[in-house]
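Structure record follows, encoded as structure tokens.
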There are 2 protein chains.
Amino acid sequence: MCHYIDKSGYMESEDAILALGALAQSTRLEAFRLLAAHEPDGLPAGAIADALAVPQNTMSSHLAILARAGLIRSRRHSRSIVYRADLARFQQVALFLIKDCCGGRPELCAPLIADLQPCCAPKPKAARRPARAST
Amino acid sequence: MCHYIDKSGYMESEDAILALGALAQSTRLEAFRLLAAHEPDGLPAGAIADALAVPQNTMSSHLAILARAGLIRSRRHSRSIVYRADLARFQQVALFLIKDCCGGRPELCAPLIADLQPCCAPKPKAARRPARAST
DNA sequence: CGAATATTTCGATCATACTAGAAATACCGT
DNA sequence: ACGGTATTTCTAGTATGATCGAAATATTCG
């Protein structure tokens, strides 16, 4: 069986719905994308709001929603609050979505994996080997 | 610029947001799951409403939302309207989500693929489509 | 046609979401 | 402590979503 995620937890439908709802909004999706792109270091709230041309309080609401969904986390860094994407959590959401809906239907996942291969490093054996980029 | 999904299976943010929003609701997620499970044949609207213990008109709204997101399709079958999950579309959503957020970050996708392998990848020889190098 | 069945559309109600101005909170440097 | 900066919380207005009873539409059958 492979329905469970043994990294930091296992995702229930409710959690997945929360995460999907958090990502189903343009500002939040872009914010998460931005944070994923800046993943090693994160980005302070003001920089996110500035990059997305959104008022800080509005962005603060969106960031709170993403955080409540577990997709991002914040930590204080002197005067700024730096947000980071929780990529493990994101993986869990993606996995839930795929596994949940392809339950008993391997033919759904196979082409998905095939499509994923050219995108990312084809190292399925080294799952726990995060290739360090230039950071 | 295309606001729809092009033939190669790529998706715009707007479409993805629509699909994510459609799935970010318990009744709709369950409905889609149900339809995915019954995929070859589909299921009439009444049966879905009955299976999920939801009034027919309420379910009709949800099905309409899923259909507008492109995740399901309907076809008349005598007196009933049979809904089917559009698994290809679902794949596109999942792919968008993963690729979009792991852009430039292959280390995010690798473990995802690894986790997917035991679930459903009996055929390592996957038909690789001519993926465009850039987006 | 007229009755029966399956599903959708209409209308109304209630709840939640998005947005942003203004005020409040937390931190830093001097 | 004080002023400046970064961010959040408060608040309110508007918009969208969920739910479901009732009516309307579409199809089949007698």
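The sequence lines fix the lettering, A, B, ..., with proteins before strands; numbering per chain opens at 1.
In this structure, of dT7(C), dC20(D), dG4(D), it is dT7(C) that holds the atom nearest to the side chain of Ile81(B). Here the side chain of Arg76(A) is nearest to one of dC27(C), dT7(D), dT7(C), namely dC27(C). Comparing dA18(D), dT19(C), dT8(C) by their closest approach to the side chain of Ile65(B) singles out dA18(D). Closest to the side chain of Asn57(B), out of dA22(D), dT7(C), dG21(C), is dA22(D). Among the nucleotides dT8(D), dT19(C), dG21(D), the one closest to the side chain of Tyr83(A) is dT8(D). With distances taken from any side-chain atom of Gln25(B) to the nucleotides dT7(C), dT19(D), dT5(C), the minimum falls on dT19(D).
Atom NE2 of His62(A) is separated from atom C1' of dT9(D) by 16 Å (rounded to the nearest Å). Spacing between atom CG of Leu52(A) and atom P of dT19(C) amounts to 11 Å, rounded to whole angstrom units. When the C1' atom of dG17(D) is taken as reference, atom CD1 of Ile17(A) falls 15 Å away, rounded to whole Å. Note: CG (Leu29(A)) to C1' (dC18(C)) measures 16 Å, nearest angstrom. To the nearest angstrom, P of dT7(D) lies 12 Å from NE2 of His77(A). When rounded to the nearest whole Å, the span between CG of Leu18(A) and P of dT16(C) equals 14 Å. Counting to the nearest Å, the C1' atom of dT16(D) and the CZ atom of Arg28(B) are 12 Å from each other. Atom CZ of Arg68(A) is separated from atom C1' of dT16(C) by 12 Å (rounded to the nearest Å).
For the pair Ser61(A) and dT19(C), the criterion of a side-chain N or O lying under 4.0 Å from OP1 or OP2 is not met.
In terms of heavy atoms, Ser13(B) sits closest to Arg33(A) at OG-NH2, 3.4 Å. Closest non-hydrogen pair, Gly21(A) versus Ala24(B), comes out as N-CB, 3.3 Å.
One hydrophobic cluster holds both Leu97(B) and Phe96(A) under the rule that ILVMFWY side chains link at heavy-atom gaps under 4.5 Å.
The residue Ser60(A) sits close to a base: some heavy atom pair falls under 4.0 Å. Among the protein residues, Thr58(A) comes within range of the nucleic acid bases, having at least one heavy atom under 4.0 Å from a base atom.
Annotation: side chain of Thr58(A) is not in contact with side chain of Thr27(A) (no heavy-atom distance under 4.5 Å).
Side chain of Arg68(B) to backbone of Ala22(B): no donor-acceptor contact under 3.5 angstrom is found.
Of the two residues contacting DNA chain D, namely Arg79(A) and Ala64(A), the nearest-nucleotide position lying further toward the 5' end is that of Arg79(A).
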